[in-house]
Amino acid sequence: MSEAETKRRTRRLSDSPADRRTAAALLRAGELVAIPTETVYGLAANALDERAVERIFSAKGRPQDNPLIVHIASQEDWAPLVRSIPAEAACLAEACWPGPLTMILRRSALVPERVSAGLNTVAVRLPAHPTARALIQESGCPLAAPSANRSGSPSPTDANRVLEDMDGRIAAVVDGGPCQVGVESTVLDLTGVEAGGRPRLLRPGGVTAARLESLIGSVEIDPAVTGRLREGERAASPGMKYKHYAPAAHVILVRGTAEGYIAFVNKQAGPQDAALCFEEDCDSLRTAFITYGRRDDPESQAHGLFDALRRLDEQRVRTAYAACPSVEGVGLAVYNRLLRAAGFETVDVQ
Ligand code: AMP
Ligand code: MG
């Protein structure tokens with residue numbers, strides 16, 4: 001292997017103290033390092049270094065107008081990044097951080113414009129994964145970290161999936177094992193609350209809407225969470241307007257009862273097609289299948305979804321008929337991701 005090729009390869013690091021020091025040094029030097037979090041793997045760079053942030057956009061092929069989430073290691077690191085912290089935001093930080101909740105507030109001058117893709121706001125999260133927190137602490141800077149996939153693909157939930165997309169494009173990946181939650185954080189916009197507006201849920205995730213409402217009262221759900229934006233409509237969260245989380249396979253989301261789903265798939269699926277179903281469905285299906293959790297267990301669905309989407313392509317599935325999850329609790333996040341993986345193509349069965 002030539003020297004240039006050796007240099008381009010991505011290092012796989014463990015979460016040992018020695019490897020963490022190496023990863024932190026790379027981050028301080030402006031390099032990209034994929035890190036484990038409890039949601040999905042993040043593609044991290046020093047959030048205060050504009051050139052490092054620029055590299056994230058090119059490594060991912062991320063659209064220039066899609067802002068990044070800034071990750072911090074303790075609550076004290078939040079205040080310098082934002083103009084002010086309203087009472088509702090402080091309450092949520094106390095109750096939900098560390099954890100899968102991202103809050104959007106007005107951006108301070110410390111945060112480069114590039115991080116927020118030109119918006120005057122910034123999204124901040126304090127992750128629960130101990131390795132993520134240790135890396136932020138050791139690198140000494142907040143880390144901008146979108147999901148560590150090529151833009152548009154399903155997010156990676158283990159280090160091997162990161163390397164499938166990013167090998168040779170980033171300096172290192174820190175292997176912290178599989179992610180616990182499996183879907184990205186809940187994104188809540190609080191920029192309007194000081195002027196009397198309601199907090200707005202832009203992306204459902206591991207912290208449910210019900211939990212947010214139990215803490216701060218009524219929360220508005222952005223229409224883009226469950227629907228498709230109309231031509232010319234402005235996206236409150238730019239990441240929600242793209243076809244997203246999508247495998248190469250053609251995904252169709254099938255809504256209806258378990259019996260209706262099974263009958264529909266058994267009738268429709270051809271030899272190159274597969275069911276993307278719940279574990280309970282397997283025995284009744286006469287087609288190939290890939291499971292993503294149990295029917296009445298949204299946490300298990302969130303945990304398995306992105307890996308299942310990637311397995312569709314490994315098995316060269318042409319059309320995948322996906323069983324529709326319930327939208328209760330974390331199920332809303334699973335539904336939101338599947339709807340985008342399907343490019344909003346749905347079928348209703350009895
Ligand atoms: P990712 O980090 O790839 O999981 O994506 C981050 C998500 O948060 C995307 O949907 C972004 O559009 C959204 N986001 C990040 N920062 C902001 C912001 N300042 N305003 C609105 N949405 C944001
Ligand atoms: Mg992403």
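This one's a predicted model, so the numbers in the text were calculated from it and none came from an experiment. One is the number of the first residue; the rest follow in order along the sequence.
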Engineer: If the test is side chain to side chain donor-acceptor pair (under 3.5 Å), which one of Asp297, Thr291, Asp296 qualifies with Arg294?
Structural biologist: Asp297
Engineer: Is a side-chain N or O of His303 found less than 3.5 angstrom from the main chain of Tyr292, in a donor-acceptor match?
Structural biologist: no
Engineer: Applying the 4.5 Å side-chain criterion to the ILVMFWY set and letting contacts propagate, would Leu188 and Val183 be lumped into a single cluster?
Structural biologist: yes
Engineer: Are the side chain of Thr10 and the backbone N or O of Ile170 linked by a donor-acceptor pair below 3.5 Å?
Structural biologist: yes
Engineer: Can you tell me if Asn149 uses its side chain to pair, donor with acceptor, with the backbone of Pro156 under 3.5 Å?
Structural biologist: no
Engineer: So does Ala59 get a backbone contact from the side chain of Arg150, meaning a donor-acceptor N/O pair under 3.5 Å?
Structural biologist: yes
Engineer: Can you see which heavy atom on Gly293 is nearest to which on Ser300, and at what distance?
Structural biologist: CA-OG, 3.4 Å
Engineer: Sort and list the pairs that fulfil side chain to side chain donor-acceptor pair (under 3.5 Å) and have at least one residue in residues 15-28, not counting sequence neighbours.
Structural biologist: Ser14-Ser16, Ser14-Asp19, Asp15-Thr131, Arg20-Glu138
Engineer: Taking Leu339 as the starting point, is it possible to reach Val251 by hopping between hydrophobic residues whose side chains are less than 4.5 Å apart?
Structural biologist: yes
Engineer: Indicate whether any N or O donor in one side chain lies under 3.5 Å from an N or O acceptor in the other, for Glu184 and Ser155.
Structural biologist: yes
Engineer: Kindly indicate whether the side chain of Leu105, heavy atoms from C-beta on, has any atom under 4.5 Å from the side chain of Ser84.
Structural biologist: no
Engineer: Going by atom type alone, with no hydrogens or angles, which donor-acceptor pairs under 3.5 Å involve a side-chain atom of residues 257-264 and a protein atom two or more places apart or on another chain?
Structural biologist:
unit_1 : atom_1 : unit_2 : atom_2 : d
Thr257 : OG1    : Gly260 : N      : 2.9
Thr257 : OG1    : Gln350 : O      : 2.9
Tyr261 : OH     : Leu276 : O      : 3.4
Tyr261 : OH     : Tyr321 : O      : 2.7

Engineer: To the nearest 0.5 angstrom, please state how far the CG atom of Asn46 sits from the CD1 atom of Ile56.
Structural biologist: 9.5 Å
Engineer: Using every non-hydrogen atom in the two residues, find where Val40 and Ser147 come nearest and quote the distance to one decimal.
Structural biologist: CG2-CB, 3.9 Å
Engineer: Salt bridge check, Asp222 against Arg200: does any charged N sit closer than 4.0 Å to a carboxylate O?
Structural biologist: yes
Engineer: Could you see if Val207 belongs to whatever hydrophobic cluster contains Trp78? Use Ile, Leu, Val, Met, Phe, Trp, Tyr and a side-chain cutoff under 4.5 Å.
Structural biologist: yes
Engineer: Taking Arg161's backbone N and O only, do any of them form a donor-acceptor pair with Asp158's side chain (distance below 3.5 Å, no angle check)?
Structural biologist: yes
Engineer: Assess whether a salt bridge exists between Arg310 and Asp165, defined as any Lys/Arg side-chain N lying under 4.0 Å from an Asp/Glu carboxylate O.
Structural biologist: yes
Engineer: Can you check whether Arg62 reaches Leu68 side chain to side chain, under 4.5 Å on heavy atoms?
Structural biologist: yes
Engineer: Under 3.5 Å, side chain of Glu280 to main-chain N/O of Arg295, donor-acceptor pair present?
Structural biologist: yes
Engineer: Sub-3.5 Å donor-acceptor pair from the side chain of Glu38 to the main-chain atoms of His129, do we have one?
Structural biologist: yes
Engineer: Tell me the side chain to side chain donor-acceptor pair (under 3.5 Å) pairs involving residues 93-105, sequence neighbours left out?
Structural biologist: Thr102-Ser185
Engineer: In this structure, would Ile252 and Ile290 fall into the same cluster of hydrophobic residues linked by side-chain contacts under 4.5 Å?
Structural biologist: no
Engineer: Quick one: does Asn66's side chain have a donor or acceptor within less than 3.5 Å of a partner on Pro63's backbone?
Structural biologist: no
Engineer: Determine yes or no for a side-chain-to-main-chain donor-acceptor pair under 3.5 angstrom, with Arg203 supplying the side chain and Val187 the backbone.
Structural biologist: no
Engineer: Give a yes or no on whether the backbone of Pro247 and the side-chain of Asp313 come within a donor-acceptor separation of less than 3.5 Å.
Structural biologist: no
Engineer: Taking a hydrophobic cluster as the set of Ile, Leu, Val, Met, Phe, Trp and Tyr residues connected by side-chain heavy atoms closer than 4.5 Å, whether directly or through intermediates, do Val317 and Leu338 fall within one such cluster?
Structural biologist: yes
